[in-house]
Q: 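Supplied in structure tokens, the structure appears directly below.
Sequence lines set the chain letters: A, B, ... in the order given, protein chains first and strands last, and positions in each chain run from 1.
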Protein chains: 2
Amino acid sequence: MDSEPFGLLPDRKAIPPFAALRAFDAAARLGGVRKAARALQLDHTVVSRHIRSLESWTNLVLVDRSHSRLTLTREGHEYHRRIAQGIDILAEATLDLMKQHDNRELTIWCTPGFASKWLLPRLGDVENALPGLAVDVRPADQQPDFNRHEGDIDIRYSPTYGEPLTVPANVRHFEFSSPAVIPVASPAYLEQAPPIHRASDFVDHPLIHEESFENWQTWLASHGAEELEVSGPKLWHAHLTIDAAIQGRGIALANHFLAADALAQGDLVEIKGSDEDFERISLGSYLLMARSDRWTALPIARFRDWLNAAVTASLNRNI
Amino acid sequence: MDSEPFGLLPDRKAIPPFAALRAFDAAARLGGVRKAARALQLDHTVVSRHIRSLESWTNLVLVDRSHSRLTLTREGHEYHRRIAQGIDILAEATLDLMKQHDNRELTIWCTPGFASKWLLPRLGDVENALPGLAVDVRPADQQPDFNRHEGDIDIRYSPTYGEPLTVPANVRHFEFSSPAVIPVASPAYLEQAPPIHRASDFVDHPLIHEESFENWQTWLASHGAEELEVSGPKLWHAHLTIDAAIQGRGIALANHFLAADALAQGDLVEIKGSDEDFERISLGSYLLMARSDRWTALPIARFRDWLNAAVTASLNRNI
DNA sequence: GTGCATGGTGTAACAAAGACACCGGACAAC
DNA sequence: GTTGTCCGGTGTCTTTGTTACACCATGCAC
């Protein structure tokens, strides 16, 4: 049925482990084990092993390692020439398939704070990094229902103290940042407000908070000020607390990840104790989540790569 | 370097998991999940899952399962057409590579008994099943040094009682038979010898044995005759004990696997007690061994498949 | 020599691939 | 109808392959 153009199935064992082929291919194209590893985003030892195992499997010497540089043997050249063609065909076929059929949309759910304070300012970069992909950002307090494909990606903050965010089954995650949590205020506010020497001095200020003072209490306790009676405006999202601080409404406890831009522009100032610097601590971390079975799908993988690069590039002052 | 014909490396994540591609390809070519599974020597559930995961990965529907028959969708057809070409290229390239370069020799080490009583009579079958492959049979008491590639395959008998044959590291094995061990003699011998009603009657006969009477003692003990004083000719290989029995020199304790041909031709007779049949027991099993990293290499995989088929086809009366 | 490339081992953690037991639907023979 | 047999699919457990990390040895530039 429908198999006119093809003969019988090639023997199952007629093809070496594919990972080994890819490693060999990459090393051959790029002329080096470590270069190949970089391109494939693998450890160089893995590539080395794959090539060895391919040689073992075929029982042939494909590369020459003698001059501490990797060169192909005659057989290696010939084999690579043909293998590479096969790999290209698979890659192109897959790419073409997914170019059609609305695989050009990537729905990213995330916390409202992450959306407005980090993702939106970088949306141009995202679109450059993911050409031809329509990015759909959905700030939400709830996680998407991955089973119903409500979203491709979800980005959430998982607190270290308190209940730690449940990752649903069949959903894979990776932690891309554990930002420091720091007290911030506007320069204008600080000029007219009582000075802060140590943690206990925060009682004299309006402390901007989200649902509860829990984060503030944890932070104060870690800096030697237990059980203070604090007060201040309640604002339900991280970006609102930051905006309130910018407007001089008091001191917010912002995570450095979201506040970085405002700090860089001078809209906010990190408050350091005059007696001793407040030690930077993290109270949680950001996770990226996606269905396990779509984890390596191209749009998702591309976004993850971009996110990773953007985070490490722009904010490696994160604790 | 040497990459004139090729562009840059295809994105690592631009190709779905290869196992999934193969499963989809096989199901498409053969028109069914179970057929594909048979061809790939996998469980059908595995193929089913692979196809599902491919659909998840691409986020597309590739097959239609609605009429309890598997049909390809339009996208599925188009994708399969191109994928299949890539897979064929990889298979052909590998096959061509290994056809040259003396990968056409398969060195099989084995016990002398296995060589002369089982493998040699079937050597024609082997050569039919492995076209273009020169088979080199090396009967030996020692195992080959796999590290030095002294042999591709080794076939040994591992006793259940006594020391159980050590499999070296990085060597994989599989057990293809646990033959029954049975007392045999020639018809001519039995005519003139005292009758055997029960196990203890064996003391009246010359018992042909290999290095020691250990097997005989174990066998007799399992059949209710402990600590008998036995005697008979010592012959150091399994095939010699069988040949001695054929020549009427006494009773041999042969494993059914090696004696099957002689039994079928009437050269030997299995001795059954006249009071009650001796229960058939196994005292060990045959293992096939090969380097782990060459386990799925084509010549070795082919030989394993042939061996498996030959064993189950001709001798499923093995216990 | 020092410093920095290159490729290679040993080991341990983890995700993928697979087998096995079982289920529910379609269809044919009876 | 009932039975038998084909089909594809789920839940669960085990095995295996893939991977990273810490570390080593060699070659070459300065």
Q: Between the protein and nucleotides 20-29 of chain C, list the N/O to N/O atom pairs that are separated by less than 3.5 angstrom.
A:
{"unit_1": "C/dC20", "atom_1": "N4", "unit_2": "B/Thr45", "atom_2": "OG1", "d": "3.1"}

Q: For B/Ser292 and for B/Leu70, find the nucleotide of DNA chain D with the closest heavy atom, then tell me which residue's nucleotide is more 5'.
A: B/Leu70

Q: Tell me, please, which residues at least two apart from A/Tyr79 pass ring-ring contact (aromatic ring centres under 6.0 Å, His included).
A: none

Q: For the residue pair A/Leu62 and A/Ile51, establish whether any side-chain heavy-atom pair is separated by less than 4.5 Å.
A: no

Q: Would one find a side-chain N or O of A/Arg52 under 4.0 angstrom from OP1 or OP2 of C/dT9?
A: yes

Q: Please name all residues satisfying side-chain hydrogen bond (donor to acceptor under 3.5 Å, both in side chains) with B/Thr296, sequence neighbours left out, ordered by chain then number.
A: A/Trp57

Q: Quickly work out the B/Ile51 CD1 to D/dG8 P distance and round it to whole Å.
A: 9 Å

Q: Mind calculating the distance between CG (A/Leu42) and C1' (D/dC21) to the nearest angstrom?
A: 14 Å

Q: Going through the checks in order, is the side chain to side chain contact (heavy atoms under 4.5 Å, CB included) test met by A/Asp64 and A/Leu70?
A: CA-CA 6 Å; A/Asp64 177 9; A/Leu70 188 126; over 6 Å; no

Q: Rounded off to whole Å, could you give me the NE2-to-P distance for the B/His50 and D/dT10 pair?
A: 15 Å

Q: A/Phe18: which residues meet the ring-ring contact (aromatic ring centres under 6.0 Å, His included) condition with it, sequence neighbours left out?
A: B/Phe18

Q: Within this structure, what is the CZ-to-P distance between B/Arg172 and D/dT15, rounded to whole angstrom?
A: 12 Å

Q: Identify, with sequence neighbours excluded, every residue that meets side-chain hydrogen bond (donor to acceptor under 3.5 Å, both in side chains) alongside B/Arg291.
A: B/His149, B/Asp293

Q: Please give, in whole Å, the distance from D/dT19 P to A/Arg38 CZ?
A: 18 Å

Q: Map A/Ser53 and B/Val33 onto DNA chain D by nearest heavy atom, then report which one ends up closer to the 5' terminus.
A: B/Val33

Q: Between D/dT19 atom P and A/Phe18 atom CZ, what is the distance in whole Å?
A: 12 Å

Q: Separation of A/Leu54 atom CG from D/dT18 atom P, in whole Å?
A: 12 Å

Q: With sequence neighbours left out, what residues match B/Glu78 under side-chain hydrogen bond (donor to acceptor under 3.5 Å, both in side chains)?
A: B/Arg81

Q: What is the separation between atom CG on A/Leu40 and atom C1' on D/dT18, rounded to the nearest whole Å?
A: 13 Å

